[in-house]
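Below is one structure, written out as structure tokens, with a few remarks after it.
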Amino acid sequence: MTAYMDHKDLANEIIDETRSTEIRDGVHRVLDDIAQAESAAGRAAGSVRLLAATKTRDVGEIMAAIDAGVRMIGENRPQEVLAKADGMRRLCAQRGLTLGVDGSADAAAAAATADTIPFHLIGQLQANKISKVLPYVGTIESVDGLELAVRISRRAVAHGITVGVLLEVNESGEESKSGCDPAAAVDLAQQIATLDGLRLEGLMTIGAHVDDEPTIRACFAHLRETRDAILASKAAGTEHCTELSMGMTHDMKLAIAEGSTIVRVGTAIFGARAFI
Ligand SMILES: *Cc1c(COP(=O)(O)O)cnc(C)c1O
């Protein structure tokens, strides 16, 4: 159990007006920034989806973001998923919305309906936590190798469900980052695409932790080229590998310029994190 979870009641549902206004303004600002970046890059309006990265935020804060227009949620840690999911589901249901897979056998089909809020896992997943998150999250973005993919596949088959996965690629090569070697990504994606119970939906990366724009953009561009190579291969099961989950608060615009389809944003919506 991580220390910050002892400080904060993640299941809390009540936040004050000031805080909810702050979050609403944050969501609107980010949605405007996305629209501007799409237009600046000559991309269609709505081609980039906003995922709210909700680690350390409580249920009340996340619901404020949903009320302001957020339609995709990403958590980093299985224990945070478990602490918040039931409250979030109940409050979503009150609004006519469904969070995550909610018992649906086919995550992708559920996510395609307008009143479903896709629920993604975006942080590292230990094999022994897979079964805990599968009843809630429809897509796991942090699949960094064949071993984890095989384990998720086995669990999905045992549960009789289909789980969306993104292959996480360590484009920056920074040692602190998870993700597979970029040179192995096409081959790995092709192998993962053949596994039962999985649907390979695309690729994910965390941007280079540098100040240099060309370096950041080159990493994002390489992820796009990798995705295009996977699609062009027409290998079995790769036909849904369309998503590029890249871009966070500080590098979102560069990621959109390089073809991002999902930006994962926390700080620009909720403010700076108190912990981690
Ligand atoms: C926290 C987090 C984000 C969002 O980062 P911000 O800088 O707060 O926008 C995106 N992706 C992952 C994997 C994260 O853990």
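Positions are given from 1, in the same order as the sequence printed here. One-based numbering, in listed order, for ligands and for the atoms of each.
Between Lys177 and Asn170 the shortest heavy-atom distance is O-ND2, 3.4 Å.
With contacts defined as side-chain heavy-atom distances shorter than 4.5 Å, the pair Ile62/Lys84 qualifies.
Protein heavy atom nearest atom 5 (O) of ligand 1, with residue, atom name and distance: Met248 CE, 3.4 Å. Of the protein's heavy atoms, Arg264 NE, 2.9 Å lies nearest to atom 11 (N) of ligand 1. The closest protein non-hydrogen atom to atom 12 (C) of ligand 1 is Ile122 CD1, 3.7 Å. Closest protein heavy atom to atom 9 (O) of ligand 1: Thr249 OG1, 2.5 Å.
Ionic pairing of Arg95 and Asp115 is not present here: no N-O contact between side-chain nitrogen and carboxylate oxygen is shorter than 4.0 angstrom. Between Arg90 and Glu13, at least one side-chain nitrogen of the basic residue sits less than 4.0 Å from a carboxylate oxygen of the acidic one, meeting the salt-bridge criterion.
Between Arg273 and ligand 1 there is a heavy-atom distance shorter than 4.0 Å.
For ligand 1, the atoms sitting less than 4.0 Å from at least one non-hydrogen atom of Thr267 are 6 (P), 7 (O), 8 (O), 9 (O), numbered in the order shown with element in parentheses. For ligand 1 and Lys55, the ligand atoms under 4.0 Å from any heavy atom of the residue are 1 (C), 2 (C), 3 (C), 14 (C), 15 (O). Against a heavy-atom cut-off of under 4.0 Å, Val265 is close to the following atoms of ligand 1: 9 (O).
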| said: Is there a salt bridge (charged side-chain N to carboxylate O under 4.0 Å, His left out) between Glu61 and Lys8? Walk through the geometry before answering. | reply: CA-CA 12 Å; Glu61 292 174 296; Lys8 185 162 174 173; 2.8 Å; yes
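In terms of polar-atom proximity, defined here as any N/O pair under 3.5 Å, Gly266 does make such a contact with ligand 1.
For the residue pair Ser178 / Glu168, a side-chain donor-acceptor distance below 3.5 Å is found, with atom types taken as modelled.
Contacts between Asn76 and ligand 1, counted as non-hydrogen atom pairs separated by less than 4.0 Å, involve the side chain only.
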